[in-house]
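What follows is a short report on a single structure.
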Amino acid sequence: MKPVKVGICGLGTVGGGTFNVLKRNAEEIARRAGRGIEVAQIAARSSNPQCDATGTPITDDVFAVADNPEIDIVIELIGGYTVARELVMRAIDNGKHVVTANKALIAVHGNEIFARASEKGVIVAFEASVAGGIPIIKALREGLAGNRINWLAGIINGTGNFILTEMREKGRAFEDVLAEAQALGYAEADPTFDVEGIDAAHKLTILASIAFGIPLQFDKAYTEGITRLTTADVGYAEALGYRIKHLGVARSTAVGIELRVHPTLIPADRLIANVNGVMNAVMVNGDAVGSTLYYGAGAGMEPTASAVVADLVDVTRALTTDPTNRVPHLAFQAEQLSDHPVLPIGECESAYYLRIQAKDHPGVLAQLASILSERGINIESIMQKEAEEHDGLVPVILLTHRVKEQRIDDAIAAFEALDDVVGSVVRIRVEQLN
Ligand SMILES: NC(=O)C1=CN([C@@H]2O[C@H](COP(=O)(O)OP(=O)(O)OC[C@H]3O[C@@H](n4cnc5c(N)ncnc54)[C@H](O)[C@@H]3O)[C@@H](O)[C@H]2O)C=CC1
Ligand SMILES: N[C@@H](CC=O)C(=O)O
Ligand code: NA
């Protein structure tokens, strides 16, 4: 059988990795796909020193790939929402299948893209868009298809986890580690997407749709990054037996779906609390299977290429078998997506770590405790440190039981109104992830 012809758009970290893996493992890949996969054209603005593409036709126009009648599958690896969207739509309109690593594109324009792909009878595959090399989309769509998914929680930004790990283990400065993550090809073109949680929110949006059968709703995701975390809070969390990780959490409740990305305290003995560096991990809890955990490299040249190539193999197989019997884009049949609402953050429930800077006066603790008890918030533990010599302020650290976020917001406002409390209260969510 003749090889499937693919075009790579964007020859950066992931594009270069994809070319290299396709070339190095060509024989193995053809044995799995049932036919060869040949890169017939590349669109790139410049060459990539980590990838020798000599002999493959190169253009600087990505639309030339989408319009190339020889090409069966367009691989979008340029990133961004604008040109990438036009490119993918053009490829679909031309009847081509698409493989992309672009979570921003899928989270924001996926509903439109999938509708057009279904109309045209083509596949859009995006395994590399979430958690890099971990086959989490395949696991959710296929491996867990018998379950009602209760919740999922993941470390889904490699750059952010790399920064937190290096800061905690080696005391390195934030900016210094971020620059290294960029040099290693982990970071987004705009690294504020990584450190402000936007990239993780893109990925969480995709996972939640596949887990719960809801349309993609990135605009409803609550997003908080890692830039406001302090080493003091990392230390206090450890003293209480927790690690702080940047998590994406999606939970199905009777009234709606929680969709939130934020730093989170996790008990230090959980496997996911020990996922370090660029590694990602996603826990998925299903009613039949219980809790499961998926772990692997969340970013980088070849780990991400691994997922891109797996999608190419899937599409190639689908081309040679019954094209009407495909796994739906969001795991549920398009006409079966549910309108179960995504909840505003105030309606979401979790436990909380609170750090309050209090004046060293008797009775402060009693005031704090009564504010919580008046609002029906139970205290799990309380820790009061020595007064800091330079300002005489006492850090008071409280862990609460689970409660709706709006009640904690209300308690924090009452704390901050006390004469004996100075500055803003630090609030970090806590998840047990059992
Ligand atoms: N780097 C990583 O570890 C991962 C990246 N991704 C996603 O993969 C995509 C690509 O990311 P990277 O390879 O890291 O980015 P990159 O910046 O290394 O590569 C993108 C390449 O596309 C080229 N490009 C951009 N616009 C173009 C245009 N209009 N015409 C021709 N070439 C164009 C750029 O010159 C660059 O060489 C993004 O959507 C990113 O979010 C997903 C998972 C992991
Ligand atoms: N910038 C992203 C790349 C992979 O999706 C990350 O750091 O996780
Ligand atoms: Na993946």
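Just follow the structure's listing: the first ligand is 1, and inside any ligand the first atom is 1.
Interface atoms of ligand 1 facing A299, defined by a heavy-atom separation under 4.0 Å, are 3 (O). Short contacts between ligand 2 and D194, defined as distances under 4.0 Å to a heavy atom of the residue, involve ligand atoms 1 (N), 2 (C), 6 (C), 7 (O). Heavy-atom contacts of G79 reach the following atoms of ligand 1: 38 (C), 39 (O) (cutoff under 4.0 Å). Less than 4.0 angstrom separates some heavy atom of K203 from each of these atoms of ligand 2: 2 (C), 4 (C), 5 (O), 6 (C), 8 (O). The atoms of ligand 1 that sit less than 4.0 Å from any heavy atom of N102 are 39 (O). Of all atoms in ligand 2, listed by their number and element, those nearer than 4.0 Å to a heavy atom of E188 are 1 (N), 2 (C), 3 (C). Close approach of ligand 2 to N157 is summarised as follows: ligand atoms under 4.0 Å from at least one heavy atom of the residue are 2 (C), 6 (C), 7 (O), 8 (O).
Among the backbone and side-chain atoms of V130, an N, O or S atom lies under 3.0 Å from the Na ion (ligand 3). At least one N/O/S atom of G132, whether from backbone or side chain, sits less than 3.0 Å from the Na ion (ligand 3). Contact annotation: I134 places an N, O or S atom under 3.0 Å from the Na ion (ligand 3).
The backbone N or O of Y352 sits less than 3.5 Å from a side-chain atom of T400, completing a donor-acceptor pair. Distance alone, capped at 3.5 Å, is enough to place a donor-acceptor pair between the E76 side chain and the G79 backbone. D194 places a side-chain N or O within donor-acceptor distance of the main-chain N or O of E188, the cut-off being under 3.5 Å. Under the 3.5 Å distance criterion, the side-chain polar atoms of D199 are left unmatched by any main-chain donor or acceptor of N157. Judged by distance alone, with hydrogens and angles left aside, the side-chain atoms of E349 form no donor-acceptor pair with the main-chain N or O of E347 at under 3.5 Å. Remark: side-chain polar atoms of T159 are paired, donor with acceptor, to backbone N or O of Y186 under 3.5 angstrom. Of the possible polar contacts, one joining the T165 side chain to the G277 backbone as a donor-acceptor pair under 3.5 Å is found. The backbone N or O of N68 lies less than 3.5 Å from a partner atom in the side chain of K96, making a donor-acceptor pair.
Counting only heavy atoms of the protein, atom 8 (O) of ligand 2 lies nearest to G158 N, 2.7 Å. With respect to atom 7 (O) of ligand 2, the closest heavy atom belonging to the protein is T159 OG1, 2.6 Å. Scanning all protein heavy atoms for the shortest distance to atom 21 (C) of ligand 1 gives G12 N, 3.8 Å. Here the protein heavy atom with the shortest distance to atom 7 (C) of ligand 1 is A101 O, 3.4 Å. E188 OE1, 3.7 Å is the protein heavy atom nearest to atom 40 (C) of ligand 1. For atom 33 (C) of ligand 1, the nearest protein heavy atom (residue, atom name, distance) is I78 CG2, 3.6 Å. Protein heavy atom closest to atom 5 (O) of ligand 2, with residue, atom name and distance, is K103 NZ, 2.5 Å. Taking atom 1 (N) of ligand 1 as the reference point, the nearest protein heavy-atom neighbour is G185 O, 2.8 Å. If you check which protein heavy atom lies closest to atom 23 (C) of ligand 1, you get G10 CA, 4.1 Å.
We find that R317 and D314 are joined by a salt bridge, their nearest charged nitrogen and carboxylate oxygen being less than 4.0 Å apart. At a threshold of 4.0 Å, the pair K138-E127 does not count as salt-bridged, since none of the basic side-chain nitrogens sits closer than that to a carboxylate oxygen. By the 4.0 Å N-to-carboxylate-O rule, E38 lies too far from K2 to be salt-bridged with it. The residues E166 and R172 are annotated as salt-bridged, a charged nitrogen and a carboxylate oxygen being separated by less than 4.0 angstrom. The pair R427-E224 does not meet the salt-bridge criterion, since no charged nitrogen lies less than 4.0 angstrom from a carboxylate oxygen. Here R260 pairs with E431 in a salt bridge; the nearest charged N to carboxylate O distance falls below 4.0 Å. E112 has a carboxylate O that lies under 4.0 Å from a charged side-chain N of R85, or vice versa, which qualifies the two as a salt bridge.
Residue-to-ligand polar distances place G300 within reach of ligand 1: an N/O pair is separated by less than 3.5 Å. The N/O atoms of K103, backbone and side chain alike, include one that comes under 3.5 Å of an N/O atom in ligand 1. Inclusion of V14 in the set of residues having an N or O under 3.5 Å from an N or O of ligand 1 is warranted. Note: no N/O pair closer than 3.5 Å links N280 and ligand 2 by distance alone. Close N/O approach between T13 and ligand 1 is found [any backbone or side-chain N/O within under 3.5 Å]. Between A128 and ligand 1, no N or O atom pair is found at a separation short of 3.5 Å.
Taking the ring axis of F126 as reference, the NZ or CZ atom of R141 stays within 45° of it and closer than 6.0 Å to the ring centre.
Neither the backbone nor the side chain of M301 has a heavy atom within less than 4.0 Å of ligand 1. The side chain of T304, and not its backbone, has at least one atom closer than 4.0 Å to an atom of ligand 1 (non-hydrogen atoms only; side chain from C-beta on). Only the side chain of D199 comes within contact range of ligand 2, with a heavy atom under 4.0 Å; no backbone atom does. Contacts with ligand 1 closer than 4.0 Å are made by backbone heavy atoms (N, CA, C, O) of L77 only, the side chain lying farther away. Counting heavy atoms under 4.0 Å from ligand 1, residue A104 does not touch it at all.
Nearest to atom 28 (C) of ligand 1 by heavy atom, out of E86, R45, E302, is R45. Heavy-atom proximity to atom 30 (N) of ligand 1, evaluated over L105, V62, I42, is greatest for V62.
Using a 4.0 Å cutoff on heavy atoms, A187 counts as a contact of ligand 2.
For atom 17 (O) of ligand 1, the protein comes within 4.0 Å by no heavy atom at all.
Each of L247, V430, N274 was evaluated against I266; a single residue qualifies, L247, per the side chain to side chain contact (heavy atoms under 4.5 Å, CB included) test.
I58 is not listed as a side-chain neighbour of Q41, based on a closest heavy-atom distance of 4.5 Å or more.
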**Item:** Derivation and outcome, side-chain contact (heavy atoms from CB on, under 4.5 Å), residues N276 and E169
**Value:** CA-CA 10 Å; N276 292 319; E169 290 183 356; 3.7 Å; yes
